[in-house]
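For reference, the structure is listed below as structure tokens.
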Amino acid sequence: MSALAGAQVAPRLTVCLGVRATRPRRLQATADATGSGETRAEPNPRSPPPPPPAVGWLWDKKSGDTARRLAEQKLRPKKSLGQNFMLDDSVLAAIVEAAGIEPGDLVLEIGPGTGNLTRHLLVAGALVTAVEKDYALSDQLEAEFAQVPELRLVCGDILRQDLGALLEGMRRHPAELAAAQAAAAAQRQLAAAGAGGAAASGEVAQHAAAASTAAGQQQPGEQQQAGQQQAEQARPAARRKVKVVANLPYYITKDCLLCMLPTGADIEAVYFMLQDEVGVRLTQEDPGASDWRAMNLLTQYYSQPRYLFQIDRKKYLPAPKVHGAAVAFDLLPPEARLHVPSEAEFLKLVKKAFSQRRKVVRNALRPMHEPGEVAAALQAAGLPTETRAQDLTLQQFATLAWALAKGGGSGGSDGSDGSSGSSGCAVDK
Ligand SMILES: C[S@@+](CC[C@H](N)C(=O)[O-])C[C@H]1O[C@@H](n2cnc3c(N)ncnc32)[C@H](O)[C@@H]1O
């Protein structure tokens, strides 16, 4: 049974994890998830068109004013948490547009902060799970979005989450939401039927019970709309991939990428706002530059990175020393990755080759492989024996790995596919 199935209303699910003690989940009653006083699924076909989505009422320019809201709440940006808040709504809108967010999309947001990006995601129709480490901000969000079941808030450190479990929970969200919405609709009907006599309320009560367990039988008009919604949201949920969207605290950029990049089986794409310099470096295609590093190879192995746009540093509060950038990483599912003898050994080989950048590869790979063995493999791969790591493309590294595997070195195939799976930080840092 879903976590919300027993509730007769549509509460927002808050999960508190991390160093602070887990607080009891708060189930807050509301007769109307939109907060507008209207219902979202009117059974009467002559009723006015359906009102805007649940977060519509939250959305206004003023509430998007990050600087004012921080001041009102007496919250100072914390440097230790990489808090550089985005002040420009058009930047947030642009990244949501670039991510192609559509109604029902499952989105993981890292560091929602004041909820400014979160709002854009919700208005685009996403079902958002947001992980915020700052408890002061998290509490604020919790209060503000209490009536918005489309948002699930996790208070904790993204790097300490079990990513696999988090993603699994996100897949259950549409079904839980549909059940909660149906239960809320039933609750409204129950209230409306209060004056309608015992027979009618008996019927509705029966309906409420059914709806609260599995979004079950409903009244005709509502049944159609809720049914459609449920079908759209719940049916493909088991297979639906997640998008990650974040104005990332710069200090966790690399760790977040190491966690997320290998999850192409579960995550479709990652859209990060990060330091411009990092964005430029990670999206360069060819080797040769002094800033071509193991991280470039790893990024290319797991994804197709795309530089989207630069973000002026003055658009952040406080303004950091350097400009930002929006970058997309389209994650490759395991079957679409470059074929290598063993994924784990391949990544070890790349890391080792870059560990002593001044050395040629055949010396840098010691003691993993003897220089003579590497020289022979380089020759077999059609590469000069004086090759340095920063000269090699991903494909050339793969060719070298195959040549070494055939030569029987310790870094060769271990017979496994080396898949790092889809949960947690499986990449060896
Ligand atoms: C750059 S701010 C972005 C805030 C907001 N999304 C915006 O665009 O203005 C980074 C946010 O990530 C939060 N944060 C920092 N470290 C985190 C971590 N390890 N896990 C989750 N959130 C974190 C900060 O508290 C802050 O709210």
Side-chain angles (χ1 to χ4, degrees), residues 14-20 63-71 73 75-96 98-99 101 107-124 126 128-142 144-145 151-163 166 243-260 270-276 278-279 309 311-327 424-425 429:
T14 301
V15 190
C16 276
L17 301 170
V19 285
R20 204 164 75 163
S63 70
D65 180 350
T66 298
R68 182 183 60 79
R69 299 181 68 232
L70 284 168
Q73 293 152 22
L75 293 169
R76 283 166 186 251
K78 297 183 181 80
K79 204 174 169 184
S80 63
L81 287 177
Q83 289 180 352
N84 298 97
F85 298 100
M86 177 41 61
L87 297 174
D88 189 338
D89 250 352
S90 66
V91 172
L92 300 171
I95 196 157
V96 171
I101 302 299
V107 174
L108 173 61
E109 187 190 358
I110 302 164
T114 59
N116 48 1
L117 175 57
T118 320
R119 281 190 179 75
H120 280 275
L121 292 167
L122 290 168
V123 167
V128 181
T129 294
V131 182
E132 173 56 60
K133 189 174 178 184
D134 184 334
Y135 287 105
L137 292 176
S138 177
D139 283 350
Q140 195 68 36
L141 289 172
E142 190 179 331
E144 191 174 343
F145 288 87
L151 173 66
R152 304 169 71 156
L153 198 55
V154 178
C155 346
D157 183 337
I158 184 66
L159 299 174
R160 299 180 69 154
Q161 305 301 310
D162 176 342
L163 189 57
L166 196 66
K243 290 177 180 173
V244 182
V245 184
N247 176 13
L248 214 57
Y250 290 167
Y251 78 107
I252 57 169
T253 302
K254 187 175 176 190
D255 285 347
C256 276
L257 282 172
L258 290 174
C259 284
M260 309 275 165
V270 171
Y271 300 86
F272 278 164
M273 289 162 65
L274 34 72
Q275 265 179 305
D276 187 52
V278 176
F309 52 85
I311 306 166
D312 193 306
R313 67 181 194 87
K314 294 196 190 100
K315 297 195 169 186
Y316 295 88
L317 178 84
K321 290 200 175 93
V322 292
H323 293 313
V327 176
C425 295
K429 294 187 238 166

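Order of appearance sets the numbers: ligands from 1, and atoms from 1 within every ligand.
- Annotation for ligand 1: atoms under 4.0 Å from non-hydrogen atoms of Gly156 are 20 (N), 21 (C).
- Atom 27 (O) of ligand 1 has Glu132 OE1, 2.8 Å as its closest protein atom, hydrogens excluded (heavy atom only).
- Of all the atoms in ligand 1, the ones that sit under 4.0 Å from a non-hydrogen atom of Val131 are 21 (C), 22 (N).
- Evaluated for a side chain to side chain contact (heavy atoms under 4.5 Å, CB included) with Leu274, the options Thr253, Ile311, Ile252, Asn247 yield exactly one hit, Thr253.
- The part of Glu109 lying near ligand 1 is the side chain, judged by heavy-atom distances below 4.0 Å.
- In terms of protein heavy-atom proximity, atom 7 (C) of ligand 1 is closest to Asn116 OD1, 3.2 Å.
- Contacts of Ala246 with ligand 1, taken as heavy-atom pairs under 4.0 Å, are absent altogether.
- Every atom of ligand 1 is numbered from 1 in the order shown, and the set under 4.0 Å from a heavy atom of Leu137 is 27 (O).
- Looking only at heavy atoms of the protein, atom 12 (O) of ligand 1 is closest to Gly111 CA, 3.1 Å.
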May I have the list of side-chain donor-acceptor pairs in residues 316-327 shorter than 3.5 Å, sequence neighbours left out?
| from | atom 1 | to | atom 2 | distance (Å) |
| --- | --- | --- | --- | --- |
| His323 | ND1 | Arg313 | N | 2.9 |

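- Looking at atom 9 (O) of ligand 1, its nearest protein heavy atom turns out to be Met86 N, 2.8 Å.
- Nearest protein heavy-atom contact of atom 8 (O) of ligand 1 is Asn247 ND2, 2.8 Å.
- Considering backbone and side-chain N/O of Asn84, none are found under 3.5 Å from N/O of ligand 1.
- Residue contacts with ligand 1 for Ile252 involve side-chain atoms from C-beta outward but no N, CA, C or O (heavy atoms, distance under 4.0 Å).
- With hydrogens and angles disregarded, a donor-acceptor distance shorter than 3.5 Å links the side chain of Gln83 to the backbone of Lys78.
- Without hydrogens or angle criteria, Glu132 side chain to Gly113 main chain gives a donor-acceptor distance under 3.5 Å.
- Given atom 26 (C) of ligand 1, the protein heavy atom at minimum distance is Gln83 CG, 3.6 Å.
- What sits closest to atom 15 (C) of ligand 1 on the protein, heavy atoms only, is Leu81 O, 3.0 Å.
- Neither the backbone nor the side chain of Leu159 comes within 4.0 Å of ligand 1, counting heavy atoms alone.
- In terms of protein heavy-atom proximity, atom 19 (N) of ligand 1 is nearest to Asp157 OD1, 2.8 Å.
- Partners of Tyr251 under the side chain to side chain contact (heavy atoms under 4.5 Å, CB included) rule, at least two apart in sequence or in another chain, are Leu81, Lys133, Pro249.
- Evaluated for a side chain to side chain contact (heavy atoms under 4.5 Å, CB included) with Val128, the options Leu108, Leu121, Leu117 yield exactly one hit, Leu121.
- Residue contacts with ligand 1 include Tyr251, since one of its heavy atoms falls under 4.0 Å from the ligand.
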